[in-house]
Amino acid sequence: MPSPDADQVASHFRHTSVLLEGAVDTLVHNPDGIYLDGTFGRGGHSRVILSRLSDQGRLMAMDRDPQAIAAAEDIQDPRFEITQREFARLAEYAQEQGVYGKLSGVLLDIGVSSPQLDDPERGFSFMRNGPLDMRMDPTQGESAAAFLARASEADIANVFKLYGEERYAKRLARAVVARRIEKPFTHTVDLADVLKTAHPAWEKGRHPATKAFQGLRIYLNGELDQLDAALEGALEALAPGGHLVVISFHSLEDRRVKRFIRHHVRGDTHLPRGVPIRDDQLNRRLEALGKGMRPSDEEVDANPRARSAVMRAARKRV
Ligand SMILES: C[S@@+](CC[C@H](N)C(=O)[O-])C[C@H]1O[C@@H](n2cnc3c(N)ncnc32)[C@H](O)[C@@H]1O
């Protein structure tokens, strides 16, 4: 892939941040604190966080996508630094920087950015034709084309079902395998057309390839494992009283975030079921900060990609 030019990337494909004010209001409780934005994207949240910090405050950011890192070039602020890395390794980053256990807040705005979806060259979109890639970091791991060329029919069906929640996963996988014998898949629209032809029940307003594409993207980027590791890492890297804020875009992710927070709010899940629990056996490490927050109707009207977003937040107990 050619090395990304920050201006080109920033001007061609824009990202509208979701729950921008709500997330930053919940995250920043101490203007002198050290914060970590695990999903820089185009820096929508990062820029507002910086505007809320004092001269003593500090913001560390990360993203696994080299184009996101290039888009941060215009932030010339001594309080800001960024690294290209997976957020599963956020605790390691905090350790290297000497701030492990000292963070005032961690923000994760997970999933894909609009520039990733909108740039056909990234291969995420079934609407715009491009090479079938779908990696957030195109230098790591396996592309969608490589996976579809080598995986068994059962593995492909599993990806569509587990990560795309596609009801007709087996049927779609069968069509993919039948077609690849004649010609391998190299482009997004070609795959989308095969999925569309094989799909028996189109839902109104939704392209029949939507769920299968989601499944491939989540699988190829290891998104659920990344999320689990990032939540664990954030809990350790936060200072007592630090805030964790997570915005997710579909139920597979939100369920995990909700479960993680509930587990640490109750502090009882390591004990066998049915055993009476004494208070001193509980290890309550988090306090929930409100209930899940969703974008307003106005925000969804202005940015339809916000419609499935849910934000959950918690405070690490002292
Ligand atoms: C929804 S966008 C974030 C947008 C950002 N908050 C903004 O306002 O511009 C999600 C970003 O997270 C990044 N990302 C997703 N999974 C990641 C992971 N496991 N590690 C690091 N970055 C990841 C993507 O590359 C993408 O840039």
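Atoms within a ligand are numbered from 1 in the order they appear, just like the ligands themselves. For reference, positions follow the sequence shown, starting with 1.
- With ligand atoms numbered from 1 in the order given, ligand 1 contributes 1 (C), 2 (S), 3 (C), 4 (C), 5 (C), 6 (N), 10 (C) to contacts under 4.0 Å with heavy atoms of Asp109.
- Judged by the 6.0 Å and 45° rule, Arg217 forms no cation-pi pair with Phe124.
- In terms of polar-atom proximity, defined here as any N/O pair under 3.5 Å, Gly43 does make such a contact with ligand 1.
- In terms of heavy-atom proximity, Pro115 sits nearest to His15 at CD-CB, 3.7 Å.
- For atom 15 (C) of ligand 1, the nearest protein heavy atom (residue, atom name, distance) is Met136 SD, 3.2 Å.
- A side-chain N or O of Ser54 and one of Asp32 form a donor-acceptor pair less than 3.5 Å apart.
- At least one N or O atom of Gly44, backbone or side chain, sits closer than 3.5 Å to an N or O atom of ligand 1.
- Ligand 1 lies less than 4.0 angstrom from a heavy atom belonging to Gly111.
- Looking only at protein heavy atoms, the nearest one to atom 17 (C) of ligand 1 is Phe87 CE2, 3.3 Å.
- Heavy atoms only, all atoms of each residue included: Leu20 and Ser17 are closest at CD1-CB, 3.8 Å.
- If you check which protein heavy atom lies closest to atom 8 (O) of ligand 1, you get Ser17 OG, 2.5 Å.
- Between Phe249 and ligand 1, a contact under 3.5 Å exists for no N or O pair.
- When heavy-atom distances to ligand 1 are checked against a 4.0 Å cut-off, Met62 has no atom that comes that close, whether in backbone or side chain.
- Ring planes of His199 and Tyr168: perpendicular class, angle over 60° (limits at 30 and 60°).
- The two residues Gly292 and Val310 make their nearest non-hydrogen contact at CA-CG1, 4.2 Å.
- Atoms of ligand 1 lying under 4.0 Å from at least one heavy atom of Arg85, given by number and element, are 20 (N), 21 (C).
- Asp63 places no side-chain N or O within 3.5 Å of a backbone atom of Ala68 that could act as its donor or acceptor partner.
- Across every non-hydrogen atom of Asp133 and Arg122, the tightest pair is CB-O, 3.5 Å.
- Taking the six-membered ring for Trp and thresholds of 30 and 60 degrees, Tyr219 and Phe147 have ring planes inclined between 30 and 60 degrees apart.
- For the pair Arg47 and Asp74, the salt-bridge criterion is met [side-chain N within less than 4.0 Å of a carboxylate O].
- Looking at ligand 1, you won't find any N or O of Glu86 less than 3.5 Å from one of its N or O atoms.
- Residue Gln116 has at least one heavy-atom neighbour below 4.0 Å for each of these atoms of ligand 1: 24 (C), 25 (O), 26 (C), 27 (O).
- The closest approach between any non-hydrogen atom of Glu223 and ligand 1 is not below 4.0 Å.
- No donor-acceptor pair under 3.5 Å is formed between the side chain of Glu81 and the backbone N or O of Met60.
- Only the backbone of Val112 comes within 4.0 Å of ligand 1, counting heavy atoms alone; no side-chain atom from C-beta on gets that close.
- Close approach of ligand 1 to Phe40 is summarised as follows: ligand atoms under 4.0 Å from at least one heavy atom of the residue are 5 (C), 7 (C), 9 (O).
- The proximity of Arg64 to ligand 1, defined as any non-hydrogen pair under 4.0 Å, involves the side chain as well as the backbone.
- When only non-hydrogen protein atoms are considered, atom 9 (O) of ligand 1 lies nearest to Arg42 N, 2.9 Å.
- Contact annotation for His45 and ligand 1: heavy atoms of both the backbone and the side chain come within less than 4.0 Å of the ligand.
- For the residues Asp65, Leu107, Asp63, Ile110, the heavy atom positioned nearest atom 24 (C) of ligand 1 is part of Asp63.
- Judged by distance alone, the side chain of Asn221 and the main-chain N or O of Met134 form a donor-acceptor pair under 3.5 Å.
- For atom 19 (N) of ligand 1, the nearest non-hydrogen atom of the protein is Gln226 OE1, 2.8 Å.
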